Amino acid sequence: MSQGKVLVLHGPNLNLLGTRQPEIYGLETLEDINNALHEQAALGGWEITCRQSNHEGELIDFIQAARLDGTAAIIINPAAYTHTSVAILDALNAFDGRVIEVHLSNVHKRESFRHHSYVSLRADGVIAGLGSRGYASALAAVMAAGEGSGS
Ligand code: DQA
């Protein structure tokens, strides 16, 4: 039996990981990251879905679907929408499970426009600057907390 469902959402341009500014975002591809998360989730008996979109509305559709299908937690790297999207914040506010925000880079060490996150107003936890290990840490935290345990 599944321990619970977790949704991993990757925002715009993260499909280019591995070739996009590797000095900032690393050499791993999104597929590498998702494959590792699938293995980690399977070991813990969790069901995981990983999605990427370059479109704000599609990310919102994924969040709304998670609200209805019993997803216990969303791990989200909203990428540039972190800093602009009230709509993604609103969608996450309508989701009852845990929300962990992940950034590959340390956004606080970068341009000032990256220092503000709308999503952080909803996130139960935020991880930045640990590269792909940030996703693994977020998933470990979700699995350790268990399903339906709130924040
Ligand atoms: C990012 C940081 C954002 O500022 C940027 O727009 C991204 C990726 C990160 O993972 O470090 O696309 O979310």
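Side chains included, hydrogens not; waters and symmetry mates left out as well; all remaining heavy atoms used. In listed order, ligands and their atoms are each counted from 1. Source: prediction; values computed, not measured.
Residues meeting the side-chain contact (heavy atoms from CB on, under 4.5 Å) test with Ser120, sequence neighbours left out: Glu101, Ser117, Val126. Checked against side chain to side chain donor-acceptor pair (under 3.5 Å), Glu39 has no partners two or more places apart in sequence or in another chain.
With hydrogens and angles ignored, the 3.5 Å screen pairs no side-chain donor or acceptor of Thr71 with any backbone N or O of Ala73. Checking side-chain atoms of Ser85 against main-chain N and O of Thr82 turns up no donor-acceptor pair under 3.5 Å.
Applying the salt bridge (charged side-chain N to carboxylate O under 4.0 Å, His left out) test to pairs two or more places apart or on separate chains, none has a residue in residues 6-29.
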Are any protein N/O atoms closer than 3.5 Å to the N/O atoms of ligand 1? If there are, list each pair with names and the distance to one decimal place.
unit_1: ligand 1; atom_1: 4 (O); unit_2: His83; atom_2: NE2; d: 2.7
unit_1: ligand 1; atom_1: 4 (O); unit_2: Arg114; atom_2: NH1; d: 2.9
unit_1: ligand 1; atom_1: 6 (O); unit_2: Ala80; atom_2: N; d: 3.2
unit_1: ligand 1; atom_1: 6 (O); unit_2: Arg114; atom_2: NH1; d: 3.1
unit_1: ligand 1; atom_1: 10 (O); unit_2: Asn77; atom_2: ND2; d: 2.8
unit_1: ligand 1; atom_1: 10 (O); unit_2: Leu104; atom_2: N; d: 2.8
unit_1: ligand 1; atom_1: 11 (O); unit_2: Leu104; atom_2: N; d: 3.3
unit_1: ligand 1; atom_1: 11 (O); unit_2: Ser105; atom_2: N; d: 2.9
unit_1: ligand 1; atom_1: 11 (O); unit_2: Ser105; atom_2: OG; d: 2.6
unit_1: ligand 1; atom_1: 12 (O); unit_2: Arg20; atom_2: NH1; d: 3.2
unit_1: ligand 1; atom_1: 12 (O); unit_2: Arg20; atom_2: NH2; d: 3.0
unit_1: ligand 1; atom_1: 13 (O); unit_2: Asn77; atom_2: OD1; d: 2.8
unit_1: ligand 1; atom_1: 13 (O); unit_2: His103; atom_2: ND1; d: 2.8

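Contact check for Ile88 versus Glu56: side-chain heavy atoms found under the 4.5 Å cut-off.
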